Trainee: 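Pasting a structure below so you can have a look.
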Number of protein chains: 2
Amino acid sequence: MNDAVRPALSAPSIDAAADLPPGRLDTRFLESLIGYNARRAALTMIGHALQRLAPYGLRVVDFSVLTVIAHNPGVTSRQVCAALDILPPNLVGLLRGLEQRGWVEKREHPTDRRAQGLYVTPAGAEVQARAQADIAAVEHGPLTHLDADERTTLIRLLRKVYQGPQA
Amino acid sequence: MNDAVRPALSAPSIDAAADLPPGRLDTRFLESLIGYNARRAALTMIGHALQRLAPYGLRVVDFSVLTVIAHNPGVTSRQVCAALDILPPNLVGLLRGLEQRGWVEKREHPTDRRAQGLYVTPAGAEVQARAQADIAAVEHGPLTHLDADERTTLIRLLRKVYQGPQA
DNA sequence: TATTGTTATACTCTATAACTATA
DNA sequence: TATAGTTATAGAGTATAACAATA
């Protein structure tokens, strides 16, 4: 997000949409698109999450990785990559950061000596649980501007978009 | 609904989520979030748009800029930046590309000699109109997995998320 | 021969500082 | 003093190629 979102003083648009408030541009086509609106809503909600995670020194991607490991003890790097759509080379640095803070540790995999099992430490589990509670609070809080039914409907429709009708 | 949050296990049990299909990870918390689902839906729809725009040599951001200019003749750079949340230095290259292809041109601003009015050329208007039709086709086509009512509801709820209840 | 984790690296996208010419 | 457009550049995010160890 950036701050360059101040409407300009005058609207030099000559003949654009006459039924729009003066000073505002006609962006109605873009605003009619699912992708455009979904992206803006995602950026808004991710911005809220960002603020809630900042006290823990976590970015959204760090929290996602930490959460997947916390909920799937012994998971491998490749599995985390597949679940979160992260490329393996880019996960290395993320894991290194979580390891250095003592929140994640690698142990040898029980059956495959190439792989490593990922686990959260007690400290990591604590941080993840608190962060998850904070994220859940903002998700169900007034910042979403949605009641419970609307949230349910919204998520159902979004899943339909990216998973198909069978979702 | 499904607000029950998974307990954070730190014990090294391999199969954490016994009620999940084997081989799949537990990502249920992330999947309960508006931001996560909105981002995935946005990436899906933007991917579709990407494919439709490729024949014109347009990326999504190029199409967005071209569309705003086409629908708002004489608009200034700063207004485009504000409308699309693009930082002014990053718009320069985008406009240069559209100018070099003969789709956009700058004229002097009628009242402010610092500014420039942006206009689409006839060729630019043609490309924009065709691209917009293609985008609209995929938007209302079977790839969205939504009927008209669902699309309307989805967009209304997404706007509520990022614009507030008054939207 | 294929896969896991890794390094190095390139490419893209986004953000900041600073300049010029106008207002 | 503030704003429009621009340059240069820094930083984050994302992508590909290739390697050693293991399957």
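Per chain, numbering begins at 1; letters A, B, ... match sequence-line order. As the structure is a computational prediction, the values presented were derived from the model and not from experiment.
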Trainee: With a cut-off of less than 4.0 Å, is there a side-chain N or O of A:Arg113 near OP1 or OP2 of C:dT4?
Mentor: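 No.
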Trainee: OP1 or OP2 of C:dT12 less than 4.0 angstrom from a side-chain nitrogen or oxygen of B:Arg59, does that happen here?
Mentor: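 No, because none of the side-chain N or O atoms of B:Arg59 sits under 4.0 Å from OP1 or OP2 of C:dT12.
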Trainee: How close or far is atom C1' of C:dC13 from atom CG of B:Leu84, stated in whole angstroms?
Mentor: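 Atom CG in B:Leu84 sits about 15 Å away from atom C1' in C:dC13.
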Trainee: Rounding to an integer number of Å, can you tell me how far A:Leu50 CG sits from C:dA15 P?
Mentor: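 Rounded to whole Å, this separation is 12 Å.
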Trainee: Between A:Lys106 and C:dT4, is there a contact of a side-chain N or O with OP1 or OP2 at under 4.0 Å?
Mentor: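 No, because none of the side-chain N or O atoms of A:Lys106 sits under 4.0 Å from OP1 or OP2 of C:dT4.
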Trainee: Does A:Gln116 place a side-chain N or O at less than 4.0 Å from the phosphate oxygens OP1/OP2 of C:dT6?
Mentor: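 A:Gln116 to C:dT6 OP1/OP2: side-chain N or O found under 4.0 Å.
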Trainee: Tell me the interatomic distance from A:Arg96, atom CZ, to C:dG5, atom P, rounded to whole angstroms.
Mentor: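 My rounded result for the distance is 14 Å.
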Trainee: Would you say the side chain of B:His71 lies within less than 4.5 Å of the side chain of B:Gln128, judging by non-hydrogen atoms?
Mentor: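 They are in side-chain contact.
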Trainee: Rounding to an integer number of Å, can you tell me how far A:Arg39 CZ sits from C:dC13 P?
Mentor: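 Going from CZ in A:Arg39 over to P in C:dC13 covers 11 Å.
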Trainee: OP1 or OP2 of D:dA2 versus the side-chain N and O atoms of B:Arg78: is any pair under 4.0 Å?
Mentor: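 For D:dA2, OP1/OP2 do not have a side-chain N/O of B:Arg78 under 4.0 Å.
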Trainee: Could you pick out which residue, B:Val92 or A:Thr111, lies toward the 5' side of DNA chain D when each is mapped onto its nearest nucleotide?
Mentor: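 The residue mapped nearer the 5' terminus is B:Val92.
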Trainee: With no hydrogens and no angle check, is any side-chain donor or acceptor of A:Arg114 less than 3.5 Å from a backbone partner on A:His109?
Mentor: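 No; zero donor-acceptor contacts below 3.5 Å.
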Trainee: Distance check needed: C:dT6 P versus A:Ile86 CD1, whole Å only.
Mentor: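 Checked: the CD1 to P distance equals 14 Å.
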Trainee: How many Å lie between CG on B:Asn90 and P on C:dA17, as a whole number?
Mentor: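 Nearest whole value for this atom pair: 14 Å.
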Trainee: What integer distance in Å separates B:Glu108:CD from D:dA4:P?
Mentor: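 That distance rounds to 18 Å.
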Trainee: Base, sugar-phosphate or nothing for A:Asp112? Non-hydrogen atoms, less than 4.0 Å.
Mentor: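 Result for A:Asp112 = sugar-phosphate.
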Trainee: Roughly, in whole Å, what's the span from NE2 in B:His109 to C1' in C:dT22?
Mentor: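 These atoms are roughly 13 Å apart.
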Trainee: Establish, with yes or no, whether the OP1 or OP2 oxygen of D:dC19 is under 4.0 angstrom from a side-chain nitrogen or oxygen of A:Arg114.
Mentor: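 No, A:Arg114 has no side-chain N/O under 4.0 Å of OP1/OP2 on D:dC19.
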Trainee: Can any side-chain N or O of B:Thr76 pair as donor or acceptor with the backbone N or O of B:Gln116 at less than 3.5 Å?
Mentor: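 Judged by distance alone, no pair lies under 3.5 Å.
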Trainee: Looking at B:Arg107 and B:Glu105, is there a salt bridge between them, counting it only when a charged N and a carboxylate O are closer than 4.0 Å?
Mentor: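 Between B:Arg107 and B:Glu105 there is a salt bridge, with a charged N closer than 4.0 Å to a carboxylate O.
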Trainee: Just wondering, do A:Leu30 and B:Phe63 contact through their side chains at under 4.5 Å, heavy atoms?
Mentor: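 Of all side-chain heavy-atom pairs linking A:Leu30 with B:Phe63, at least one is under 4.5 Å.
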